[in-house]
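Shown next, in structure tokens, is the structure this report addresses.
Below, read A as the first sequence line, B as the second, and so on, with proteins coming before strands; counting in each chain starts at 1. Every value quoted in this text rests on a predicted model; they were computed, and no experiment measured them. Both backbone and side-chain heavy atoms feed into the values below; hydrogens, waters and symmetry mates do not.
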Amino acid sequence: MDYIYQVRLTTHISSAIGSLTHALLQNARCYSVSHLSVQERIEQKRKAALTGGGQLRIAAQHKRGKLTARERLELLLDPDSFVEYDMFVEHRCSDFGMEADHNKYPGDSVVTGQGRINGRLVYVFSQDFTVFGGSLSGAHAQKICKIMDQAMMVGAPVIGLNDSGGARIQEGVESLAGYADIFLRNVMASGVVPQISLIMGPCAGGAVYSPALTDFTFMVKDTSYLFITGPDVVKSVTNEDVTQEELGGAKTHTTVSGVAHRAFENDIDALLNLRNFFNFLPLSNKDPAPVTECHDPRDRLVPGLDTIVPFESTKAYDMLDIVHGIVDEREFFEIMPNYAKNIVVGFARMNGRTVGIVGNQPKVASGCLDINSSVKGARFVRFCDAFNIPIITFVDVPGFLPGTAQEYGGIIRHGAKLLYAFAEATVPKITVITRKAYGGAYDVMSSKHLRGDVNYAWPSAEVAVMGAKGAVQIIFRGKENQAEAEAEYVEKFANPFPAAVRGFVDDIIQPSTTRKRICRDLEVLASKKQTNPWKKHANIPL
Amino acid sequence: MAAYRSAAGFQRVLHAVKTFDKILIANRGEIACRVIKTCKKMGIKTVAVHSDVDSSAVHVKMADEAVCVGPAPTNKSYLNMDAIMNAIKQTGAQAVHPGYGFLSENKQFAKRLAAEGVSFIGPDTHAIQAMGDKIESKLIAKAAKVNTIPGFDGVVKDAEEAVKIAGEIGYPVMIKASAGGGGKGMRIAWNDEETREGFRFSSQEAASSFGDDRLLIEKFIDNPRHIEIQVLADKHGNALWLNERECSIQRRNQKVVEEAPSTFLDPDTRRAMGEQAVSLAKAVKYSSAGTVEFLVDSKKNFYFLEMNTRLQVEHPITECITGLDLVQQMIRIAMGYKLQHKQSDIPINGWAIESRVYAEDPYKSFGLPSIGRLSQYQEPLDLRNVRVDSGIEEGSDISIYYDPMISKLVTYGKTREEALKKMEEALDNYVIRGVTHNIPLLREIIVHPRFVSGDISTKFLPEVYPDGFKGHMLTAGERRELLATAAALYVAAQLRSQKFLGDLRVSVVPAESRQWELCVELDKGVHMLGVSRSGNNYTVEIDGEKVEVSGEWNLASALLPLTINGKHRTLQCLLRTAAGEITLQYLGTSFKLRVLSKLAASLSKHMPEKVPEDTSSILRSPMPGSVVAVSVKPGDNVAEGQEICVIEAMKMQNSMTAAKAAKVKSVHCKAGDTVGEGDLLVELE
């Protein structure tokens, strides 16, 4: 089995080399012995590189339920599309017996190169846990930097498959320097080409900051961990008892910390999903959002939307029902589905074109904005803006979440991030107010005032400073007949007209026509050009 | 459709005669819509009543006027007589059609209407009272020379008396609510223990469903057929029988598949039953449409069961074979007109089958209620000879408050065979997404050899599926068809994902591989498939056999009308994920498949096995509903099978029992709680 995959992976290389070798062997008598031995060494090194840390370690890797670095690449990339770089690079450490031949592995502990996903170019690195536990040597870092530099030059995304025990301790500061070199490139590439990290094993210590700097971090359930310090150190410093899984497993990071954007069942599931995800992304910030063939009619009516918003404005409904109904073929790649669930973000397509969806989720905490949901939304909006992906925003927001926990936690500066992100975005922005758009949160959610291109209201929309009860208590403080005043307020403000008469929404639309309208608007807005004033960089309230 | 073909004819006739100007329909869902349709044809204005959660329901949209009669729970809205009386006053409706259920057999309601001078489209109070009470009805039936079942003609006081009477009649016995109907408050007991338990459940259910906990006991006729006679009587002493409906396919005493006529009755038996039914109707001075239910044993002896003094759920099949519109007849009769037809005018034209499509999970005791939002919904109405009576549409919510019926799917044919074939096609072309539904079960019933041959009884389901319904069992050939379809879908999706429009940076995709090597998993079986494509035609090689799949479809279509090896099949793709999971609805049942490239399949063996949660120590709610009672507290020791709590959903009480003997660790619910499917109720140690 292992032999087969190795041969298959390198078909394109080995067949070329094979025929060359064959020709050389045919004429062996004409050449010097030393020349032949170079060829043999090349063959030997390649063979060694393909075996990584050796069959025993590969078996151990499999036993942990993990695939090898090369198996992963083979699944991620189109068949026969992988072009490997730096197969002959070896580490340069000579301390602690590392200089010994048996401690040298061609390619060291990472496989790098470029390939295709559904025909589109991507640069990849895949850390090899079978070689020194995937630890990062200077050489390892240098290999990663090389492909990142090239990715930025040609404009193609970088995908990192992380499976590394951490720094190569034997190399000391050289390893640390390697991390920093990668971090720098992560920062430089940020907003230039999409960067995706898939954590497929341990990723601890300084190493975590590379995934943290990339656009998306995905994890594999049960076999991947991300933490600054492991359970042992935690125990000795804070005396907390915590397992690896609890401290930095996929569940923790996708539900509690918000460090990872999604988790998948196993290596195969993760890699196949990554291929699917890749199709949503443009190759670089100079490329448009991709458009794929679409079979879902662009003018399809969605009758179910006419009845989705309940009559009582206090009753919840599922924003995902609206999203699924409107997008192509109900396909929605949700980002952070289990974190800050009061906001829904993710990618979908409208008439084949990638769009970013942002929606308040009335089902969770009434869809209010709090610290976590603001940060989640803001980062997503900024990604879309950086990579030419139009943003569609569905608004049903009762406001920002009150309370000391939020105020002490800095909801003011965190909420400002989402406001900032929507305001600075210059990609096409379409907004649909499905129900509540109250207070400052109305302004934040891609309102007309923040340069929303097309802003719609459904007939159920209520754009107001606050809900009727609260408003009446302030306006008519101390007065009797609050109920009557409340009814008057509802009549005046709990509808889309105050916003519509001022042009703050462009039209009041029948919900069932929403898909049709958005598809049409996106075609018009495809040529939108808008630039922000020149600046070194903006100063988002971090 | 016979019933509807003749509708244009009615319209002409009906405008000529005086009818009501405005009718209020005191019901919801499909039956409200059904009544409104006929009213529209007759030129009568309609008023819908609705609860607050139903304010955008189909029946509300169809009616000319609508009045909200209260919040969601039925006792506060659709059973709220005061609110409905107000709605009548407010809208000036001259008559009320009660549909079935709710207030349709409530004599109090009929009386109040009469007091206000509003016509009740149904029989008068006397008949409702006489037939609504099972004890009284039996006595009247006996007097009218109708065959009746041996039993105790009185109200049973308590569980112990029930045991005593049961002993006298001899087991098995049936305990049922005196005021009951529709299988609610009904239990069968085979021994003293079951009698006590049945008594308790039935009286609780009877109290909550009908507000009347009186029970009676009678001999239970084992393995009978349930055949009922539709009658129609006017206020002038005339009565007709409109042939029978066979309703033997039942689960928990609720009908699932009905047909008219019955394969079992010969003309003599039919006439004998019809005549007894008519004589009973005449004996209670019945007017309007009514149904006399009989149990028929294997020797064609028939026994009176009860008379339903309302329009039955399954009335459409009678309309199909007789060409009559029963709602229109009821309205005419309520206006005081004489019957238009003589007994000799009543034909049996062709055959009609009705499948009750429910939002329920057929894999759990043949159907436990499920709820949800119909995210996609498409009725097979473009087929000929198909009638769908429904009161929902795409986007509707199936809630815990009401009956979980989605629709009544009726097919019609010159022969039974034709009607059954049409039913297969209609079920395959029915798109229901967002809720679990019972199409898998319906689709299996109608093709089962016993059903097809007419060899059925009310025990059909438990006899045919003694270990519970498990879905369609694939033959080797069907398995290949399914695998081939999944492979074709996978290849189509893969090819599309390589097509980017107008993107110059995509390298020229290498010529499509001529042969795809795929590995498809289905029910733990793994198959290696070779697939080649030419346009929309896929040739799939499975274990040396070739399967050709073709047809006009795309990846967005809800229905996959395919030709597989020359045979026409309609499948539905319910799910397709990036990781290769494909769920197909095939022959009614949904099958989970997983399609992987050969490479991914070969690496799968390294993937860790995920250990599923041990469920024996965890009791979860099998359906959404409300907790009626919790019988344990933390620290209690329970025996295997002991009742832990009772969940009520759609007016049915379900006892939740311990899967093993253990100590109760924690209780997560209390009486009165509303729980969702899968919610944790009780944890055992």
Quiz item: Where on Leu596(B) is there a heavy atom nearer than 4.5 Å to chain A: the side chain, the backbone, both, or neither?
Solution: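 Looking at Leu596(B), just its side chain touches chain A.
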
Exercise. Start with the C-alpha gap between His62(A) and Glu71(A), add the side-chain angles, then the distance that decides, and say whether side chain to side chain donor-acceptor pair (under 3.5 Å) holds.
Key: CA-CA 11 Å; His62(A) 285 158; Glu71(A) 286 166 341; 2.8 Å; yes

Quiz item: Quick one: what part of Asp306(A) sits under 4.5 Å from any heavy atom of chain B, side chain, backbone, both or neither?
Solution: neither

Quiz item: Is it the backbone or the side chain of Glu329(A) that comes under 4.5 Å from a heavy atom of chain B, or both, or neither?
Solution: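 Just its side chain gets close to chain B.
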
Whether the [X] and [Y] side chains hold a donor-acceptor pair (N or O, under 3.5 Å, no angle test) is what I'd like checked.
X         : Y         : value
Tyr123(A) : Gln150(A) : yes
Arg64(A)  : His606(B) : no
Ser390(B) : Glu379(B) : yes

Quiz prompt | Members of residues 271-280 of chain A whose heavy atoms come closer than 4.5 Å to chain B | solution = Leu272(A), Asn273(A), Asn276(A), Asn279(A)

Self-check item: Any residue meeting salt bridge (Lys or Arg N to Asp or Glu O under 4.0 Å) with Lys221(A), in chain and number order, not counting sequence neighbours
Solution: Glu265(A)

Practice problem: Go through Glu394(B), Lys499(B), Arg373(B), Glu393(B) and name the one with the most non-hydrogen pairs under 4.5 angstrom from chain A. | Solution: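 Among Glu394(B), Lys499(B), Arg373(B), Glu393(B), the one with the most close pairs to chain A is Arg373(B).
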
Quiz item: Should the pair Arg120(A) and Phe500(B) be classed as cation-pi, given the thresholds of under 6.0 Å to the six-membered ring centre and 45° from the axis?
Solution: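 Yes, Arg120(A) and Phe500(B) form such a contact.
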
Quiz item: Highest number of heavy-atom pairs under 4.5 Å with chain B: which of Leu305(A), Asp269(A), Ile308(A), Val302(A)?
Solution: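 The residue among Leu305(A), Asp269(A), Ile308(A), Val302(A) with the greatest pair count is Ile308(A).
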
Quiz item: Between Phe332(A) and Phe347(A), is the ring centre distance below 6.0 Å?
Solution: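 No.
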
